[in-house]
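Predicted, not measured: the structure shown is a model, and the values here were computed from it. Just the heavy atoms: all of them, side chains too, but no hydrogens, waters or symmetry mates, feed the values below. We name chains A, B, ... by the order of the sequence lines, and we start the count at 1 in each one.
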Number of protein chains: 2
Amino acid sequence: MEKVISKATMSRFPTYLKALRQMALEGKKNVLSSELYEVTGIQDTTIRRDLTYLSKDENFGKPGKGYSVKHLIDGLSEVLGVGLESPIILIGVGNLGSAILKYNRWQYTVGKIVGCYDMDRNKEGELFGVKVHHIDDLENTFPPDCEIAILAISQNIQETVDRLMDLGVKGIVDFTHSHFTVREGIEVKPVDVVAAIQELALKIHSKR
Amino acid sequence: MEKVISKATMSRFPTYLKALRQMALEGKKNVLSSELYEVTGIQDTTIRRDLTYLSKDENFGKPGKGYSVKHLIDGLSEVLGVGLESPIILIGVGNLGSAILKYNRWQYTVGKIVGCYDMDRNKEGELFGVKVHHIDDLENTFPPDCEIAILAISQNIQETVDRLMDLGVKGIVDFTHSHFTVREGIEVKPVDVVAAIQELALKIHSKR
DNA sequence: TTCATTTTGTGATTAAATTAACAGATTTTT
DNA sequence: AAAAATCTGTTAATTTAATCACAAAATGAA
Ligand SMILES: NC(=O)c1ccc[n+]([C@@H]2O[C@H](COP(=O)([O-])OP(=O)(O)OC[C@H]3O[C@@H](n4cnc5c(N)ncnc54)[C@H](O)[C@@H]3O)[C@@H](O)[C@H]2O)c1
Ligand SMILES: NC(=O)c1ccc[n+]([C@@H]2O[C@H](COP(=O)([O-])OP(=O)(O)OC[C@H]3O[C@@H](n4cnc5c(N)ncnc54)[C@H](O)[C@@H]3O)[C@@H](O)[C@H]2O)c1
């Protein structure tokens with residue numbers, strides 16, 4: 001029987017990973033749960049509990065000493081799907097799309113963008129070292145085993161999503177502000193500036 | 001005594017608003033909680049509960065008929081944006097920053113970007129109708145009453161955050177992948193492509 | 001070595017969020 | 001106008017998540 005990682009815990013893992021990377025960069029070898037609290041604002045006891053999901057072997061966290069930064073990074077990377085050489089495609093190479101593409105730096109965390117698609121014939125060719133296809137060629141040129149697509153388009157969104165699902169895409173990172181529906185079992189992760197600002201505004205406001 | 005809106009509820013409001021805007025656009029006048037479920041994937045009973053936080057006056061949701069789309073949008077906008085004509089500033093007008101700026105379409109939801117700052121002298125001037133200042137002029141030109149800053153820079157991040165806090169910024173929308181600390185009471189909302197992909201990858205992966 | 005100190009890991013507890021269940025309001029049908 | 005069918009709003013039950021509290025492990029000092 002495998003341990004099931006709770007939703008809440010899962011959503012904190014990327015935060016830990018980010019903080020730990022920073023620490024590794026600064027040459028830190030060991031870290032206490034209390035130090036992680038300082039940096040992430042997540043309660044130390046919550047952190048310790050979360051981290052138990054990683055510790056299959058012992059000597060993970062040592063009382064009196066803390067956790068090995070490297071060990072944690074490895075553990076988190078593994079559970080977060082990293083190592084996953086999963087190919088990712090990007091649909092829509094406009095302002096936002098090309099910013100994302102240029103920022104294609106997450107190979108070390110989770111796959112890389114292996115291809116782009118746009119409806120604009122003028123965009124065809126290559127950009128930041130990645131091939132840009134016309135959207136009509138999606139089915140022809142779709143990379144085998146690709147399960148994740150980044151959506152940064154502005155038109156025909158539902159239709160495009162349908163095509164992606166037919167091709168076997170299982171997860172969509174959604175930058176569009178439009179609404180679309182997906183079939184059972186397909187995951188969508190919206191990334192939304194406006195929603196972020198709204199939440200922020202509400203939080204700030206509700207404090208008074 | 002005011003009703004306190006729970007964290008979880010709050011985080012769903014932007015989702016509802018997005019869905020409702022889409023419906024309004026399509027000319028829909030009324031909506032059932034079950035229809036909102038179809039579109040958002042949030043359980044209808046959860047939705048009904050959430051919406052009670054808006055209904056100060058009655059005739060909000062009518063049994064057998066549903067909610068008035070317009071009514072809901074108004075209610076949500078009020079509670080989320082809070083009249084906030086709040087000026088927002090953008091720090092860092094690189095690839096990502098200018099994509100965001102170009103997309104400055106959220107005036108109707110929550111404030112607007114009134115000024116940008118960059119460390120690159122070449123960027124000074126105007127972009128998409130918004131003034132771009134040099135970061136050295138931050139203190140001189142800081143818009144009064146500005147409480148929200150969007151961070152899309154790549155260097156001197158902690159220092160920049162400190163300056164923003166000194167100027168009274170209460171909320172930061174963070175696109176950088178770096179870690180920085182903020183003082184008690186300052187809210188940070190990370191918007192992170194990599195974290196999004198990681199969560200997605202984990203979800204997909206953990207299904208098998 | 002022994003003892004005090006630190007810090008983890010986890011059962012027990014409390015708090016928060018979701019879901020179920022259903023009474024009662026509203027509309028539609030007959 | 002009564003009966004049947006819909007849906008909301010809310011209380012209660014359940015599930016999930018966060019926190020507390022402390023025993024046991026490792027460290028470092030005496
Ligand atoms: N492009 C993406 O998809 C993406 C995604 C996630 C996160 N990010 C992050 O967002 C940030 C910006 O990304 P980008 O692609 O636009 O990079 P970029 O290099 O194109 O733009 C950065 C801009 O910010 C300016 N800048 C840097 N440091 C500054 C400072 N301290 N004060 C004022 N201006 C400063 C630079 O002059 C430049 O114009 C980076 O931290 C990056 O890691 C980017
Ligand atoms: N720019 C932002 O900051 C920002 C923020 C949040 C959301 N968004 C959303 O992201 C999307 C893209 O934004 P942008 O600023 O890059 O817009 P853009 O117009 O610059 O880019 C859109 C690109 O997608 C292509 N495209 C449109 N529909 C397509 C389709 N069906 N198939 C293939 N290619 C298609 C267009 O040819 C264009 O190159 C929009 O939906 C926008 O609402 C943008």
Side-chain angles (χ1 to χ4, degrees), chain A residues 1-16 19-20 23 28-72 75-76 79 199 202-203 206, chain B residues 1 3-16 19-20 23 28-72 75-76 199 202-203 206:
Chain A
M1 176 55 202
E2 236 180 46
K3 260 187 288 187
V4 167
I5 301 181
S6 95
K7 243 179 170 177
T9 294
M10 195 174 91
S11 73
R12 282 186 294 264
F13 278 167
T15 307
Y16 300 146
L20 289 162
M23 288 173 174
K28 207 159 167 30
K29 295 288 178 236
N30 282 86
V31 65
L32 308 178
S33 59
S34 57
E35 290 172 320
L36 277 170
Y37 160 75
E38 297 289 335
V39 158
T40 62
I42 297 166
Q43 215 57 38
D44 58 347
T45 183
T46 303
I47 292 174
R48 286 201 299 276
R49 181 165 298 254
D50 284 349
L51 294 183
T52 61
Y53 288 106
L54 305 176
S55 60
K56 344 177 179 201
D57 45 5
E58 321 69 61
N59 75 344
F60 227 68
K62 290 192 185 175
K65 200 75 187 304
Y67 302 84
S68 147
V69 172
K70 185 182 171 323
H71 234 114
L72 284 189
L76 285 168
V79 81
E199 278 184 50
L202 182 56
K203 271 192 206 166
S206 65
Chain B
M1 177 53 201
K3 261 187 290 189
V4 168
I5 301 178
S6 93
K7 242 178 168 176
T9 294
M10 195 173 90
S11 74
R12 283 186 294 264
F13 278 168
T15 307
Y16 300 146
L20 289 162
M23 289 172 173
K28 205 160 170 28
K29 295 288 178 233
N30 282 86
V31 64
L32 307 178
S33 59
S34 57
E35 289 173 320
L36 277 170
Y37 161 74
E38 297 288 336
V39 159
T40 62
I42 298 166
Q43 214 57 37
D44 58 348
T45 184
T46 303
I47 292 175
R48 288 201 296 281
R49 172 169 297 252
D50 284 349
L51 295 182
T52 60
Y53 287 108
L54 305 175
S55 61
K56 346 178 178 201
D57 44 4
E58 318 71 61
N59 75 346
F60 227 68
K62 289 191 186 175
K65 201 72 187 307
Y67 302 83
S68 148
V69 173
K70 186 183 172 321
H71 234 114
L72 284 189
L76 286 169
E199 279 184 50
L202 181 56
K203 272 192 204 166
S206 65

Please report the distance, rounded to the nearest Å, between [atom1] in [X] and [atom2] in [N].
X: A:M10; N: D:dA17; atom1: CE; atom2: C1'; value: 14 Å
X: B:L32; N: C:dT26; atom1: CG; atom2: P; value: 16 Å
X: A:Q43; N: D:dA18; atom1: CD; atom2: P; value: 11 Å
X: B:R48; N: C:dT19; atom1: CZ; atom2: P; value: 12 Å
X: B:L72; N: D:dT8; atom1: CG; atom2: C1'; value: 12 Å
X: B:K65; N: C:dT27; atom1: NZ; atom2: C1'; value: 8 Å
X: A:L51; N: C:dT7; atom1: CG; atom2: C1'; value: 13 Å
X: A:Y37; N: D:dT19; atom1: OH; atom2: C1'; value: 13 Å

Heavy-atom side-chain proximity of B:R12 to B:T46 below 4.5 angstrom: yes
Flag side-chain contact, heavy atom, 4.5 Å: A:V79 against A:F13: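 When only atoms from C-beta onward are counted, A:F13 and A:V79 do touch, with a gap below 4.5 Å.
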Is the phosphate of [N], meaning OP1 or OP2, less than 4.0 Å from a side-chain N or O of [X]?
X: B:T45; N: D:dG9; value: no
X: A:T46; N: D:dT19; value: yes
X: A:Y67; N: C:dG9; value: yes

Quiz item: B:R49 side-chain donor-acceptor pair to D:dT11 base, under 3.5 Å: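 Checked by distance alone, the answer is yes.
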Minimum-distance nucleotide (side-chain atoms of A:F60 versus C:dT26, C:dG9, C:dA17): C:dG9
Touch class at under 4.0 angstrom, heavy-atom based, for A:S6 against every strand present: sugar-phosphate
Sugar-phosphate, base or nothing in reach of A:T9, heavy atoms under 4.0 Å: nothing
Along DNA chain C (nearest heavy atom to each residue), the more 5'-positioned of B:P63 and B:K7: B:K7
Residue pair A:A19 / A:V39: nearest heavy atoms and the distance that separates them: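 Here A:A19 and A:V39 meet closest at CB-CG1, 3.8 Å.
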From B:L54 atom CG to B:I5 atom CD1, the distance as rounded to the nearest 0.5 Å: 7.0 Å
Closest-nucleotide ordering on DNA chain D, the 5'-leading residue of B:V31 and A:G64: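 Counting from the 5' end, the first nearest nucleotide belongs to B:V31.
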Residue among A:I47, A:L36, A:I42 satisfying side-chain contact (heavy atoms from CB on, under 4.5 Å) with A:T15: A:I42
